[in-house]
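FYI, side chains are in, hydrogens and waters are out, and symmetry mates aren't considered; it's all heavy atoms of this structure. Lettering of chains follows the sequences in order, A, B, ..., and the numbering in each one begins at 1.
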Amino acid sequence: MTLPYLIDQLVNGLILGSMYALVAIGFSMIYGIVRLINFAHGDILTIGAFAGLAAFASADLPFPVVILIVLVAGAVVGMVIERTTFRPMRGSPQVTGFIASLAVSIILENLAIMILSAQPRTFRIPAYLNALVDFGPVSIRVIDLMIVVLAIVLVIALTSFVRFTKVGIAMRATAENYDVARLMGININRMIMLAFAIGSALAAVAGLMWGSKYGQISPLMGVLPGLKAFVAAVIGGVGSISGAVLGGYILGLAEVLFVGLLPPALSGYRNAFVFGALILVLLVLPNGLLGRNTETRA
Amino acid sequence: MQTWIKGLASAAVGALIAASAGSAQAADPIDIVALYNLSGGGQASLDVPSLNGVKLKAKMINEAGGLLGGRMLNVTAFDTKDDTREAATAAKRAVAMKGVSAAIGFSDTTYVLAAAPLFQTAGIPFVTSGATSPDLPVMVGDEMFLVPFGDDVQAEAMAEYAYNKLGIHKIAIWTDRGMDYTTGLTKYFTKRFEKLGGKVVLSDVFMTSDQDFSALVSRLKSTKGVEGVYAASGPDTAGIIIKQIREAGLDLPIMGGDGLDTDLVVSVPGKEMATDVYFTTHAYVGLDTGPANEFRKAYTREYGHEPENAFAALGFDAMGVVANAIEKAGSADPAAVTKALAATKDYEGVTGALTYPEGSHVPSKPVAIMHVDKGNVDFDETVTPQD
């Protein structure tokens, strides 16, 4: 093993981790505010990818506009799911929402198969996004660079939004305690819907990035990344935004290094490794790296 | 999607017409079941054309007056949704139907293994149009027939082509460990390649659901002396593998089996990067024979576009071989059909002449080697296995 090889693999892990982080943030945010493990979150990634495909195919829109369209599409779908499925269940035991999210996930996947067909589709992006940028020993594609930069920018924007703006503070108050937040004049419904909108928009944008990077999308593409984002969120501590980001990067790097540093014969076990890590984290650090004890909520 | 819904709808209508016409003539239709993954995953890109081929052949036979003196073929299709449990369920439902003469289906060994044993138990022949494991008849039993060549034949053909024609002596092999088909390809390829004097310098594995191959590409890049890659991949990962290898700046020849016979191989990496790719597939593209040309014309007329890949032709041939056996047997009784199938000799199919050698249910058939160059998929040569 040589140094360039190691750098190569670290870059691979960073890119993969950025996409996991984007999905994991939304996952964590939604959990933080409604205590819902939303298994339909990965399917929003699929919707984002297909929205991106449609935006590219219907008009030759510039990439930033496509990103905007995908963000909006993800947010709208997230809000619709919240309004139609999860709001009527608010106040029910946690497991009700969890099972409902599985149902939503399966409905979305089957709808996608019926409407879009199961055949994988090609996802083409403008040529300039595929150009190579040199950084000394490694060269990176523009799209890969964009994935990393976009992940970091969105994370910083979101963190400052939640920490410093009035709406962000209201969201955190809602996450803390519905009743007290309501007494403070906060519209709980609006806050929860906002969390779904932001979380889903991020997952959708991750889907766009996923499609742009790998060039192929299909109705079930979101399943595995969705599950892995769940693992990332657990590693970081479910409910914590910075934890989700950290978990995403740790998972991306660990997965790539697992394949890259161990004998090739073990490459096939990468998913087993990821979910084995999940069990380990749950045993050793049940609240994740940056998570708080979330069971004490009023 | 829309085309296959239309296809299913027209099949249903066709079945109704065939059924009513049959009763009018007081001749019962001959029931054939077809099991394919029509929705859910990359298998659909092989299975949808396959079923199109099956239905086209049945339609042509019916239009020409049916079999056994006017009995119409009635094809009932089951969508097994890329799920082995669905495959087993569909097989159970098909076996429970009364009077099924034969079953046709699948482009992948894993699904055949889920469904065919149920037909074996019921004594109904199962003819796979696209699954290529030569061990299938051994694993399932005497009701199991293959229409395509076995994986041993196509993997050995590519090993010889790589070593002799492309001059590759040091190779890296990527294997999808999630499929019987791909692990089989690697086994046979490695054996023949090493026997020729070649060396496998890197053997890496992945799973069907993988999309990120960056770690494998980096390892490939850092492995010294690699002259080419044999990618034992199914259709789901075929395009992404080529894209990611090329994006890393590696211009090595990439080779594979008939799992690469999908348009994703060109569309996903794009024309520029879909180059220097070679794969083995079922010889029909290169065959300028009467049946092959006739098939291309009939398929285009029926579905409005050229056959997507060789699997359309294989489905067409699977139905043809079964119909041929029914005629030869003079009966639609499954036991008689099985016996006649085993005796198939020189059936002039679209994918070449098909004969089951004495005691074998895997045909000896020619293999086509395809060359992808700047997005153009061209026929290179046909190899007929000697042993």
Heavy atoms of other groups near [X] [atom1], more than 12 under 6.0 Å:
{"X": "A/Tyr269", "atom1": "OH", "result": "no"}
{"X": "A/Leu111", "atom1": "CG", "result": "yes"}
{"X": "A/Asp134", "atom1": "CG", "result": "yes"}

For [X], which atoms come within 4.5 Å of any heavy atom of chain A: side chain, backbone, both, or neither?
{"X": "B/Glu247", "answer": "both"}
{"X": "B/Gln211", "answer": "both"}
{"X": "B/Asp176", "answer": "neither"}

Distance, nearest 0.5 Å, that separates [atom1] of [X] from [atom2] of [Y]:
{"X": "A/Tyr214", "Y": "B/Thr237", "atom1": "OH", "atom2": "OG1", "result": "13.5 Å"}
{"X": "A/Phe123", "Y": "B/Ser267", "atom1": "CZ", "atom2": "OG", "result": "13.5 Å"}
{"X": "B/Leu38", "Y": "A/Ile113", "atom1": "CG", "atom2": "CD1", "result": "12.0 Å"}
{"X": "B/Ser39", "Y": "A/Leu220", "atom1": "OG", "atom2": "CG", "result": "9.5 Å"}

(request) State, with a plain yes or no, whether a side-chain heavy atom of A/Asn271 is found less than 4.5 Å away from one of B/Ser209. (result) yes
(message) Do B/Asp210 and A/Arg270 have side chains that approach each other closer than 4.5 Å (heavy atoms only, starting at C-beta)?
(response) yes
(request) Taking atom types as modelled, find out whether B/Ser218 and A/Asn12 have a side-chain donor-acceptor pair closer than 3.5 angstrom. (result) yes
(request) Classify the side-chain pair B/Arg177/A/Ser267 by whether it contains a donor and acceptor separated by less than 3.5 Å. (result) no
(request) Report the option among B/Gly239, B/Ser222, B/Gly249 that has the most heavy-atom pairs separated by less than 4.5 Å from atoms of chain A. (result) B/Ser222
(request) Run the salt-bridge test on B/Asp212 and A/Lys228 with the 4.0 Å N-O cut-off and return the result as yes or no. (result) no
Please find the pair of heavy atoms, one from [X] and one from [Y], that lie closest to each other, and give the distance.
{"X": "B/Ser203", "Y": "A/Pro264", "value": "O-CB, 3.1 Å"}
{"X": "A/Lys213", "Y": "B/Lys243", "value": "O-CE, 3.2 Å"}
{"X": "B/Ala215", "Y": "A/Gly260", "value": "CB-N, 4.3 Å"}
{"X": "B/Leu264", "Y": "A/Pro120", "value": "CD2-O, 3.7 Å"}
{"X": "B/Val205", "Y": "A/Ala265", "value": "CG2-O, 3.7 Å"}
{"X": "A/Leu262", "Y": "B/Arg219", "value": "O-NH1, 3.1 Å"}

(request) Count the heavy-atom pairs under 4.5 Å between each of A/Met19, A/Gln9, A/Glu255 and chain B, then report the option with the highest count. (result) A/Gln9
(message) Using heavy-atom distances under 4.5 Å, tell me whether A/Asn130 contacts chain B through its side chain, its backbone, both, or neither.
(response) side chain
